Colleague: 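Provided herewith is a single structure, encoded as structure tokens, for subsequent inquiry.
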Number of protein chains: 2
Amino acid sequence: MKPARAKVTREKVLAAALALVEENGVQGLSMRKLAAAVGVEAMSLYNHVPNKDAVIDGIAELVIRGMVLPEPTGDWKNDLRGLADAFRTAATRYPHAAGLVLTRQLGSDASLAGTDAALSVLRGAGFGAEEAVHALRAVLAFLVGTVLREVESGPAFDGDDPEAVAHRRAELVASPFPALAESAPFLASCDHDREYEFGLELLLTALETRRTQSSQRG
Amino acid sequence: MKPARAKVTREKVLAAALALVEENGVQGLSMRKLAAAVGVEAMSLYNHVPNKDAVIDGIAELVIRGMVLPEPTGDWKNDLRGLADAFRTAATRYPHAAGLVLTRQLGSDASLAGTDAALSVLRGAGFGAEEAVHALRAVLAFLVGTVLREVESGPAFDGDDPEAVAHRRAELVASPFPALAESAPFLASCDHDREYEFGLELLLTALETRRTQSSQRG
DNA sequence: ACCTGAACACCGTTCAAGT
DNA sequence: ACCTGAACACCGTTCAAGT
């Protein structure tokens, strides 16, 4: 009686790939190590997946599929915030794999559902079919940029390494750039939650202004 | 008399690396090909550069250094727009290498100059030393997200391939998502200039509102 | 000081051969 | 239908040896 190894499937390959990336970073993912992780020789993977790029696409989709869409409440700003939060939560749950999601064109069904939810909230708020797309793209661009900074920044920037922050701050104060020196205490580290909230509120406020102006015209 | 090969330098290695990336994409960069491009064996590169990661860092710095900071005009919104434009122009000039710049932590002197210029504009507009940092980070996050989308999107999304756009549009219309279907004509392709301007204006408007409210309080 | 050949420990992917 | 060993054409990097 053999150990009755569970059958290899595409799903298992992708799940193992995601785990491997989270453990060793994107660089640490190789078809050979991935094969070992699922208990098979490297060449067997090609029975379940066309190539390595497809594995990476699969990882990105897996992360996006982890996004839990909140129920709409009727308050469009709250609802859009909720969707943004869901995106950020899903992405930061896998810090090493997040870069893959943020960097690739999101074409999967999972991301379509999120897009539809966001557009639906915006339409409900009174934005037109075209304006809603612009609004969504602006918020999404900000979201991608913020989350990318968040998952890419090490403890020296997060504030988790006070010594590194102090060092960086001293460097900025001593730099030949006056505005940099003046803002050094705030530049030396980054509170990701705060920056995310600040920027998102900025965008939501500006959208609210646009919305009321348009509806007054119409 | 030998052909008097010009001496290899770090600068030349990095310039050749950037050219190689623009020609073949980031994947097409290898130490061996890079060595061939500068007319030397692979191992000689290690006399000028510690490893491949340093080469990639160098490429990113080279791209950022191409950013031409505009002279301040005194109109803070215009000045911030000018800086954002300069960043976008520098990044999109090297579409294949742009991802490297947008993805890495920008710590070089060249990026410090840009940061200082932006903070200086914001301080001049009346933002505090801390608020200016939040404002800068919000704009930069949006900028990174937009430019990333721009350099990553193929002709099927740019609108340069009308057939692909029509196909995508039909797919969206036929999708089970109502809001997606309604906005399909605007979702199927992306005018990067327009999205960039839309989002940037949104942020600048919101910052203007914050600015006047703060100064009324103060 | 700078270059090189040979070598090491890896890659992704193909293909013919097995069951 | 799925797995495998051997092989191909690559990688980044080290090291001892050359000039």
Side-chain angles (χ1 to χ4, degrees), chain A residues 1-62 96-97 99-101 103-105, chain B residues 1-62 96-97 99-101 103-105:
Chain A
M1 285 242 288
K2 298 197 202 144
R5 267 187 322 200
K7 236 182 42 174
V8 178
T9 65
R10 192 187 111 97
E11 305 307 315
K12 280 183 202 160
V13 169
L14 296 182
L18 176 53
L20 218 54
V21 166
E22 278 313 308
E23 228 176 305
N24 311 318
V26 190
Q27 295 278 19
L29 174 70
S30 82
M31 295 300 273
R32 286 163 140 108
K33 283 187 212 152
L34 179 53
V38 284
V40 95
E41 295 299 317
M43 315 74 202
S44 307
L45 294 178
Y46 291 87
N47 287 310
H48 305 96
V49 128
N51 52 38
K52 189 181 179 180
D53 226 59
V55 173
I56 295 178
D57 278 338
I59 294 175
E61 206 188 313
L62 219 53
H96 283 137
L100 300 176
V101 185
T103 280
R104 322 214 129 206
Q105 210 74 350
Chain B
M1 287 237 293
K2 297 195 203 145
R5 269 187 319 201
K7 239 181 43 181
V8 178
T9 64
R10 193 187 110 99
E11 305 307 315
K12 280 182 201 160
V13 169
L14 296 182
L18 176 53
L20 218 55
V21 166
E22 278 313 307
E23 230 175 304
N24 312 320
V26 189
Q27 295 279 19
L29 176 69
S30 81
M31 294 301 270
R32 285 161 140 110
K33 283 188 213 153
L34 178 53
V38 286
V40 95
E41 294 300 316
M43 316 76 202
S44 306
L45 294 178
Y46 291 87
N47 287 311
H48 305 98
V49 131
N51 52 38
K52 188 181 181 181
D53 226 58
V55 173
I56 295 178
D57 277 339
I59 293 175
E61 207 189 312
L62 220 52
H96 283 136
L100 301 176
V101 184
T103 281
R104 322 212 129 207
Q105 209 78 345

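Worth saying up front: this structure is predicted, and the values here are computed from it rather than measured.
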Colleague: Can you sort out the partners of E23(A) under side-chain contact (heavy atoms from CB on, under 4.5 Å), two or more places apart, ordered by chain and number?
Modeller: none
Colleague: Look only at the side chain of K12(A) and the backbone of K7(A), and say whether a donor-acceptor pair between them is shorter than 3.5 Å.
Modeller: yes
Colleague: Quick one: CD on Q27(A) to CG on D53(B), what's the gap to the nearest 0.5 Å?
Modeller: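 It is 7.0 Å, given to the nearest 0.5 Å.
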Colleague: Quick one: CG on N24(A) to NZ on K33(A), what's the gap to the nearest 0.5 Å?
Modeller: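 NZ of K33(A) is found 6.0 Å from CG of N24(A).
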Colleague: State, with a plain yes or no, whether a side-chain heavy atom of I56(A) is found less than 4.5 Å away from one of R104(A).
Modeller: yes
Colleague: Using the P atom on both, measure dA9(D) against dA9(C) and round to a whole Å.
Modeller: 22 Å
Colleague: Between atom CG in L34(A) and atom C1' in dT13(C), what is the gap in whole Å?
Modeller: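 Result: 14 Å.
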Colleague: Side-chain N or O of H48(B) versus OP1/OP2 of dA1(C): is the shortest distance under 4.0 Å?
Modeller: no
Colleague: Let me know the distance between CG of N47(B) and C1' of dC15(D), rounded to the nearest Å.
Modeller: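 So the two atoms are 13 Å apart, to the nearest Å.
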Colleague: If we only count heavy atoms from C-beta on, is the I59(A) to L29(A) side-chain gap below 4.5 Å?
Modeller: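 The answer is yes; the side chains approach within 4.5 Å.
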Colleague: Just so I know, are the side chains of M31(B) and V55(B) near enough to count as touching, which here means a heavy-atom distance under 4.5 Å?
Modeller: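 In short, these two side chains touch, coming nearer than 4.5 Å.
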Colleague: Would you please confirm or rule out a distance under 4.0 Å between OP1 or OP2 of dT4(C) and any side-chain N or O of S44(B)?
Modeller: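 Answer is yes, contact under 4.0 Å.
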Colleague: Check whether any side-chain heavy atom of H48(A) lies under 4.5 Å from a side-chain heavy atom of V8(A), and answer yes or no.
Modeller: yes
Colleague: Please list every stem that involves DNA chain D, where a stem is a run of 3 or more consecutive Watson-Crick or G-U wobble pairs with both pairing distances under 3.5 Å.
Modeller: C:4-8 with D:12-16, C:12-16 with D:4-8
Colleague: How does protein reach along nucleotides 5-12 of chain D, written 5' to 3' as B (base within reach of a heavy atom under 4.0 Å), S (only sugar-phosphate), or - (no contact)?
Modeller: BBB---BB
